[in-house]
Each structure stands twice: as C-alpha cells, then as structure tokens.
**Student:** 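Quick one: the structure is below, questions incoming.
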Amino acid sequence: MRTRIGIVGAGPAGLLLSHLLYLNGVDSVILEARSREYCENRIRAGVLEHPVANLLIDSGVGARLLAEGMRHDGINLRWNGRDHRIDLLGLTGKSITVYSQHRIVQDLIAARLAAGGQILFEAANVAVHDFHTDRPHISFEHDGANHRLDCDFIAGCDGFHGICREAIPATDRVAFDKGHPFGWLGILADAAPASHEVTYARHDNGFALLSMRSPTVSRLYLQCAPDEDIGQWSDARIWAELRTRLGRGGFGLNEGPITQKGVTPMRSFVCEPMQSGRLFLLGDAAHIVPPTGAKGLNLAAADVAVLTPALVAYLRTGAAEGLEDYTKTCLRRVWKAQRFSWWMTSILHRFDTDTPFERRVRLAELDTVFGSEKASAALAENYVGLPLIL
Ligand code: RFL
Ligand code: PHB
C-alpha cells in the first residue's frame, strides 16, 4: 500500500488530520488498533474551545455539533458556599461548546468514510520505520495478514500509550513529566444537569466538577486517589460525596441512574521535540494535561491546525519552513495550556502534602479570581482558547 501521509491512531487528532488533508487534496491512510465501535463509544472530553468548534464547523463536520452541541457563555467556580461566574462571553467575546468527544469521533469517521477515506480498524503490531529517510513506512497486521504502508510522512496520533513517541530514539527526545497526587472519578448519569453551566467546585474533601452531555445527561467528577479502587464507590456513596462537595444552600443535585464510571490518574507531560525526521507527533502522543482546564482534545486539534498547512505547502511547492517549525510553533501553545491546566488544578484541588502556608496561598489565589475581574478575564481568555496558531 502507498499513501502520502500514514496516520497512526483514529482519535480526534488522527481523524481531523486525515479530514483536513483530504480537503486539501492530500491522501492519507489511518491505522487504528481498536474497533470502530470502541473508538466511537469511548467517553472522554466534552468542552470545545471557541477556535476548535469553529475549525470543525468551517471544515464541514459541524452539522451535528451545531444542532446538538450546547453553547455556553460562562462557567462557574464554587467555593465556600459561593458561586463566582466567569462570564466568558462578556470578558472575551467568545463562548465554549459542550459536545462529546466520542460524537466528534463519530462525525469525523462518517465524513472520512463518506469521502472514500481509508481507516483500517483493528490493525495490530503497528510499527513505524525509516522516518529518518525520505521513504518512511509503517508495518502492521490486518485481517490476519502482514502489510506495509509506504508514505511520505508519518503522523503519530496514537495517544499517550502509543508506539510512535517511543520509536524516536531516546537520545533525541526529552520528556517533561509531572505526576499529580490524585485522580478523577468520573461518572455519566441519566439526570438533568443541576446547573446549566459547567461548575468547578473546591471543597475541603477535594475537588468536584459538574458538567453535562445533554439536557438529560450529567457528567460529574470527584477528586480521588490516583489508584482509587472504583469497587469501593457504590452509586450511593458517589452521590453523597458529590452532594457534599457541590452542595450549596439551595443547590440540589439531580440524581439518576449511573450509566458509566471510571477513574483517571492525572499527569502533565510534554515530549520535546514533537518531530523526528519525517515522523510528527500530535495530540496526546506528544503531550497530556490534567483535565481541569479542559485542554487535551483542544490541544490535539491545534497540533493538526499547525501540521496540515505545513504538509500541504511542502507537498505542493517543496516549502519546508512549516515542517521545520512544527515543534516550535506547537510548543508555544502547548506550554501555555500546560501552565493553565496546572494552575486550574492547583487552585481547585486538595493537596494532602501542603503545608498550612501552601494551602493558604492556594486559597488566596482562588480568592483573587473571585474578587478580580482582571484575574477572571485571564482565566476566561485561556478557557475559551488561545488562537490555534500563536
Ligand atoms: P486519543 O484520543 O487517545 O486517540 C489515540 C488513538 O490511537 C489509537 N492507538 C493506536 N492505533 C494503532 N496502533 C497503536 N499502537 C495504537 N496505540 C493507540 C488508540 O486506540 C486511539 O484510538 O488521542 P488524541 O487523538 O491525541 O486525542 C486526545 C484526547 O483524546 C484527549 O486529550 C482528551 O480526551 C483529554 N480530555 C479532555 N480534553 C479536552 O479538551 N476537554 C475536556 O473536557 C477533556 N476531558 C479528557 C477529559 C480526558 C479524560 N480521560 C479519560 C483521559 C476528561 C477525561 C476523564
Ligand atoms: C467534561 O465535560 O467531561 C469536562 C468538562 C470540563 C473539564 C473536564 C471535563 O475541565
């Protein structure tokens, strides 16, 4: 097999890259380890930045997003029984869209297949080769046979646990890695969201988050131990803890059947550079952030927005500047998102190892946001999303 761009991974990064390349007349093939059904039902992110929603709409895959996505003009911070609304629209002129990541994946898969795009699901033993030459290739197994995909470039969109980053010689990359001493226990529930806007709560028991997927489905999270045993959390215990942490006079949490629950450990990570020869890393393959800033999916889309024009320019005219600058261009935005995600995490979570001094500084930081429009505006500017290319 031969294509221009060999893409490993059919998550948001790989699918959006393949779609945008197609719109620019560039062929690609996606190799994905999991089944289509698995990819289309993996519950993950929900908040789209303003420029990312626009990118999806402008590239023709926004019909369902526009029909079913929920435009939110603000978010709430809750602490000490008080709500502080961050007026995203008033402070920045922009809004966010709440729309499930797995729907974006469904929309992109449908668009690629309708356009004759090739996505090989359940591809096993994917390995990338010769990306330091101008004839890279990818080997894999599919339908019980060995295959080889020759390409001009390889896009590693295979997430944090993928194989592409690890294929770069260890001496050629640096990992910036920071663990966090907690995880999030997340649930989906058939219950109307008790607030119409996303609400981040700080409580002495730990952080809690109220989000939603539709007017009848709530998405809720609780700070927990990184290795929390989900078996210890009955539905009743989850609701009780959510009520405690999100509780506020007059605020009643709507309860309903829990349809999904899971624990995610938290990590901040950046791989530099994000490129090695003709292998480019995008999205979670290159960087991950704690979810408190709702940035992971959005960063993946931004990498795609940088790489697509760079690849198109090179293939059309031989101009290599965009490709040469790929790491530099992406990392400016990546590190700003790292900073923001780390900061949101640090003011909203409970840190058991804090000294009393550190704890008070965190609280003062949060109080600064509650009391200052300028501080709220800085939060809002980052939350709605910096320009895709800085
Ligand atoms: P993905 O989505 O992980 O996709 C990678 C794909 O590669 C496949 N793969 C392989 N394929 C072939 N061969 C191999 N060897 C392979 N190894 C892996 C995988 O099966 C998969 O299909 O990475 P991508 O495309 O970079 O997208 C990144 C986002 O998924 C991620 O950043 C977000 O989900 C993070 N995130 C959030 N981001 C936001 O922007 N807003 C949010 O509100 C938000 N909330 C969240 C989140 C992530 C969470 N979890 C579970 C990690 C909330 C949670 C709880
Ligand atoms: C979600 O809706 O899943 C969500 C919302 C905001 C976050 C993280 C996740 O910061």
Side-chain angles (χ1 to χ4, degrees), residues 6-18 30-36 38-49 52-53 70 72 75 96-102 104-105 108-109 119-128 138-142 155-167 183-188 193 197-200 207 209-214 217-221 260-267 269 281-304 337 340-341 344-345 348 383 385:
I7 300 176
V8 186
L15 289 164
L16 183 60
L17 177 66
S18 180
I30 305 181
L31 305 175
E32 164 60 48
R34 302 289 196 147
S35 67
R36 177 176 179 182
Y38 183 92
C39 294
E40 289 192 334
N41 293 294
R42 190 164 34 198
I43 303 295
R44 282 202 170 174
V47 172
L48 293 182
E49 294 174 351
V52 172
M70 294 171 283
H72 286 195
I75 56 170
I96 52 155
T97 304
V98 176
Y99 185 64
S100 303
Q101 174 169 330
H102 71 280
I104 297 174
V105 167
L108 285 166
I109 289 176
I119 310 172
L120 300 184
F121 291 99
E122 299 179 72
N125 288 325
V126 175
V128 294
I138 309 179
S139 59
F140 62 100
E141 291 166 30
H142 193 246
C157 304
D158 50 348
F160 185 64
H161 300 288
I163 49 100
C164 288
R165 184 180 65 250
E166 300 298 316
W184 279 14
L185 189 164
I187 64 162
L188 264 185
E197 290 180 333
V198 174
T199 298
Y200 293 84
F207 168 79
L209 170 61
L210 181 149
S211 181
M212 62 288 294
R213 287 296 177 268
S214 77
V217 176
S218 298
R219 177 82 166 139
L220 296 140
Y221 298 94
Q260 203 251 3
K261 48 177 145 170
V263 170
T264 321
M266 222 163 266
R267 193 163 192 169
F269 176 90
L281 303 178
L282 297 90
D284 280 16
H287 40 69
I288 47 174
V289 287
T292 327
K295 290 289 167 237
L297 165 63
N298 294 296
L299 276 181
D303 293 345
V304 174
F340 179 67
S341 304
M344 286 283 281
T345 303
L348 290 166
Y383 200 85

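Indexing begins at 1, ligand by ligand and atom by atom, following the structure's order.
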**Student:** Using a 4.0 Å cutoff against the non-hydrogen atoms of R34, which atoms of ligand 1 qualify?
**Tutor:**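 By the 4.0 Å cutoff, the relevant atoms are 20 (O).
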
**Student:** Can you see which heavy atom on E32 is nearest to which on G11, and at what distance?
**Tutor:**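 In terms of heavy atoms, the two residues are closest at OE1-N, 4.3 Å.
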
**Student:** Look only at interatomic distance and state if R219 has a nitrogen or oxygen under 3.5 Å from any nitrogen or oxygen of ligand 1.
**Tutor:**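 Not met; the criterion fails.
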
**Student:** Looking only at non-hydrogen atoms, find the nearest pair between V198 and S211 and report the distance.
**Tutor:**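 Taking V198 first and S211 second, the nearest heavy atoms are CG2-OG, 3.9 Å.
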
**Student:** Look only at interatomic distance and state if G283 has a nitrogen or oxygen under 3.5 Å from any nitrogen or oxygen of ligand 1.
**Tutor:**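 For ligand 1, there is no N or O atom that lies under 3.5 Å from one belonging to G283.
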
**Student:** What atoms in ligand 1 come closer than 4.0 Å to a heavy atom of Q101?
**Tutor:**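 That gives atoms 2 (O), 29 (C), 30 (O), 33 (C), 34 (O) of ligand 1.
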
**Student:** State the atoms of ligand 1, each with its element, that fall below the 4.0 Å cut-off from a heavy-atom position in N298.
**Tutor:**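 Counting from 1, the qualifying ligand atoms are 40 (O).
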
**Student:** Could you tell me whether a side-chain N or O of N298 sits under 3.5 Å from a main-chain N or O of V47, the two making a donor and an acceptor?
**Tutor:**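 Yes, because the side chain of N298 sits within donor-acceptor range (under 3.5 Å) of the backbone of V47.
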
**Student:** Which ligand 1 atoms are under 4.0 Å away from a heavy-atom of T264?
**Tutor:**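 Counting from 1, the qualifying ligand atoms are 50 (N), 51 (C), 52 (C), 55 (C).
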
**Student:** Using 0.5 Å steps for rounding, measure from the OG atom of S139 to the CG atom of N125.
**Tutor:**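 S139 OG to N125 CG: 8.0 Å, rounded to 0.5 Å.
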
**Student:** Which of the numbered atoms in ligand 1 are under 4.0 angstrom from any heavy atom belonging to V8?
**Tutor:**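 Under 4.0 Å from V8, ligand 1 has these atoms: 12 (C), 13 (N).
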
**Student:** Work out which heavy atom in A10 is nearest to a heavy atom in V105; give both atom names and the distance.
**Tutor:**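 Answer, listing the atom of A10 first, then V105: O-CG1, 4.3 Å.
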
**Student:** Any idea which protein heavy atom is nearest atom 4 (O) of ligand 1, and the distance to it?
**Tutor:**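 Minimum-distance protein heavy atom for atom 4 (O) of ligand 1 reads G11 CA, 3.5 Å.
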
**Student:** In terms of residue, atom name and distance, what is the protein heavy atom nearest to atom 1 (C) of ligand 2?
**Tutor:**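 Nearest protein contact, heavy atoms only, for atom 1 (C) of ligand 2 is R213 NH2, 3.4 Å.
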
**Student:** Report the nearest protein non-hydrogen atom to atom 38 (N) of ligand 1: residue, atom name, distance rounded to 0.1 Å.
**Tutor:**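 Protein heavy atom with the smallest distance to atom 38 (N) of ligand 1: L297 N, 3.0 Å.
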
**Student:** Any non-hydrogen atom of E49 lying under 4.0 Å from ligand 1?
**Tutor:**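 Heavy atoms of E49 never come under 4.0 Å of ligand 1.
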
**Student:** Could you report the tightest heavy-atom contact between C157 and I7, atom names first, then the distance?
**Tutor:**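 Minimum heavy-atom separation between C157 and I7: SG-CG2, 4.0 Å.
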
**Student:** Ignoring hydrogens and geometry, is there a side-chain-to-backbone donor-acceptor pair from T345 to S341 under 3.5 Å?
**Tutor:**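 Yes.
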
**Student:** Check ligand 1 against G159 and write out every atom of the ligand that is under 4.0 Å from a heavy-atom position of the residue.
**Tutor:**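 The list of qualifying atoms is 3 (O), 5 (C), 23 (O).
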
**Student:** Hey, is M212 touching ligand 2 through its side chain, its backbone, both or neither, going by heavy atoms under 4.0 Å?
**Tutor:**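 No part of M212 comes within reach of ligand 2.
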
**Student:** If we set the cut-off at 4.0 Å for heavy atoms, which region of D284 has an atom near ligand 1: side chain, backbone, both, or neither?
**Tutor:**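 Both backbone and side chain.
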
**Student:** Has C157 got any heavy atom lying under 4.0 angstrom from an atom of ligand 1?
**Tutor:**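 The answer is yes: ligand 1 sits under 4.0 Å from a heavy atom of C157.
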
**Student:** How are the rings of Y383 and F340 set to each other: parallel, tilted or perpendicular (split at 30° and 60°)?
**Tutor:**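 Perpendicular.
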
**Student:** Return yes when V98 approaches ligand 2 closer than 4.0 angstrom through a heavy atom, no otherwise.
**Tutor:**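 The answer is no: ligand 2 sits nowhere under 4.0 Å from a heavy atom of V98.
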
**Student:** Can you report which non-hydrogen protein atom sits closest to atom 3 (O) of ligand 1, along with the distance?
**Tutor:**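 Of the protein heavy atoms, R44 NH1, 3.1 Å lies nearest.
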
**Student:** Heavy-atom contacts with A294 under 4.0 Å: which atoms of ligand 1 show up? List them by number with element.
**Tutor:**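 Answer for ligand 1: 39 (C), 40 (O), 41 (N), 42 (C), 43 (O).
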
**Student:** For P291, take its heavy atoms, then give the atoms of ligand 2 lying under 4.0 Å from any of them.
**Tutor:**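 Near P291, the atoms of ligand 2 are 7 (C), 8 (C), 10 (O).
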
**Student:** What heavy-atom pair brings Y221 and R213 nearest, and what distance separates the two atoms?
**Tutor:**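 Reported closest heavy-atom pair: OH-NH2, 4.2 Å.
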
**Student:** For atom 21 (C) of ligand 1, what is the nearest protein heavy atom, given as residue, atom name and distance?
**Tutor:**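 Protein heavy atom at minimum distance: R42 NH2, 3.3 Å.
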
**Student:** Less than 3.5 Å between some nitrogen or oxygen of P12 and one of ligand 1, yes or no?
**Tutor:**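 Yes; at least one N/O pair falls below 3.5 Å.
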
**Student:** Output yes when the distance from some N or O of ligand 2 to some N or O of Y383 is under 3.5 Å, and no in every other case.
**Tutor:**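 No: no nitrogen or oxygen of Y383 is under 3.5 Å from one in ligand 2.
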
**Student:** Evaluating non-hydrogen atoms only, which member of P290, S211, A45, S100 is closest to atom 2 (O) of ligand 2?
**Tutor:**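 Of the listed residues, S211 has the closest heavy atom.
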
**Student:** Using a 3.5 Å distance criterion without hydrogens, assess whether the side chain of H142 forms a donor-acceptor pair with backbone atoms of F121.
**Tutor:**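 Yes, H142 side chain to F121 backbone: donor-acceptor pair under 3.5 Å.
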
**Student:** What protein heavy atom sits nearest atom 18 (C) of ligand 1, and how far away is it?
**Tutor:**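 Checked against all protein heavy atoms, atom 18 (C) of ligand 1 sits closest to D158 O, 3.1 Å.
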
**Student:** Around atom 5 (C) of ligand 2, find the nearest protein heavy atom and jot down its residue, atom name and distance.
**Tutor:**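 Nearest neighbour among protein heavy atoms for atom 5 (C) of ligand 2, to 0.1 Å: V47 CG2, 3.5 Å.
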
**Student:** Taking the side chain from K295 and the backbone from I288, do they hold a donor-acceptor pair closer than 3.5 Å?
**Tutor:**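 Checked: no pair found.
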
**Student:** Between L297 and V52, is the side-chain contact (heavy atoms from CB on, under 4.5 Å) condition met? List the steps.
**Tutor:** CA-CA 9 Å; L297 165 63; V52 172; 5.6 Å; no

**Student:** Looking at CZ of R44 and OG1 of T264, how far apart are the two atoms once the value is rounded to the nearest 0.5 Å?
**Tutor:**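 One finds 8.5 Å between CZ of R44 and OG1 of T264.
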
**Student:** Quick check: closest heavy atoms across C39 and R34, and the distance to 0.1 Å?
**Tutor:**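 Between these two residues, the closest heavy atoms are SG-CB, 4.0 Å.
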
**Student:** Considering distance alone, does some N or O of Y200 sit under 3.5 Å from an N or O of ligand 2?
**Tutor:**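 Yes, at least one N or O pair falls under 3.5 Å.
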
**Student:** Look only at the side chain of D158 and the backbone of I163, and say whether a donor-acceptor pair between them is shorter than 3.5 Å.
**Tutor:**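 The answer is yes, because a donor-acceptor pair under 3.5 Å joins these two groups.
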
**Student:** Counting non-hydrogen protein atoms only, what is the nearest one to atom 4 (C) of ligand 2? Give residue, atom name and distance.
**Tutor:**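 Heavy-atom neighbour on the protein nearest atom 4 (C) of ligand 2: Y221 CE1, 3.9 Å.
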
**Student:** Mind checking whether K261 and I187 have side chains closer than 4.5 Å, heavy atoms only?
**Tutor:**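 Yes, their side chains come closer than 4.5 Å.
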
**Student:** Taking only non-hydrogen atoms of G186, do any sit less than 4.0 angstrom from ligand 1?
**Tutor:**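 The answer is no: ligand 1 sits nowhere under 4.0 Å from a heavy atom of G186.
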
**Student:** Can a protein heavy atom be found under 4.0 Å away from atom 55 (C) of ligand 1?
**Tutor:**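 There is a protein heavy atom less than 4.0 Å from atom 55 (C) of ligand 1.
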
**Student:** Short N/O distance, under 3.5 Å, between A33 and ligand 1?
**Tutor:**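 For ligand 1, there is an N or O atom that lies under 3.5 Å from one belonging to A33.
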
**Student:** Where is the nearest protein heavy atom to atom 44 (C) of ligand 1: which residue, which atom, and how far?
**Tutor:**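 Ranked first by proximity to atom 44 (C) of ligand 1 is A45 CB, 3.0 Å.
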
**Student:** Heavy-atom contacts under 4.0 Å between V126 and ligand 1: side chain, backbone, both, or neither?
**Tutor:**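 For V126, the contact with ligand 1 is made by the side chain alone.
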
**Student:** Do L17 and I30 have side chains that get closer than 4.5 Å, going by heavy atoms?
**Tutor:**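 The answer is no; the side chains never approach within 4.5 Å.
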
**Student:** Among the heavy atoms of M344, does any lie under 4.0 Å from an atom of ligand 2?
**Tutor:**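 Checking ligand 2 against M344, which is what was asked, there is no heavy-atom contact under 4.0 Å.
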
**Student:** Could you check whether any side-chain heavy atom of R219 comes within less than 4.5 Å of a side-chain heavy atom of I43, counting everything from C-beta outward?
**Tutor:**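 Yes, at least one pair of side-chain atoms sits under 4.5 Å.
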
**Student:** Is a side-chain donor or acceptor of D303 paired with a backbone partner of G283 at a separation under 3.5 angstrom?
**Tutor:**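 Judged by distance alone, yes, a pair lies under 3.5 Å.
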
**Student:** Looking at atom 8 (C) of ligand 1, what's its closest protein heavy atom, distance included?
**Tutor:**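 Going by distance alone, atom 8 (C) of ligand 1 is nearest to E32 OE1, 3.2 Å.
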
**Student:** What residue and heavy atom of the protein are closest to atom 43 (O) of ligand 1, and at what distance?
**Tutor:**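 So the nearest neighbour among protein heavy atoms is G46 N, 3.3 Å.
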
**Student:** Y221 heavy atoms, cut-off 4.0 Å: which ligand 1 atoms fall inside?
**Tutor:**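 What qualifies from ligand 1 is 53 (C), 55 (C).
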
**Student:** Let me see the working for R42 and Q101 under side-chain contact (heavy atoms from CB on, under 4.5 Å), right down to the final yes or no.
**Tutor:** CA-CA 8 Å; R42 190 164 34 198; Q101 174 169 330; 5.8 Å; no

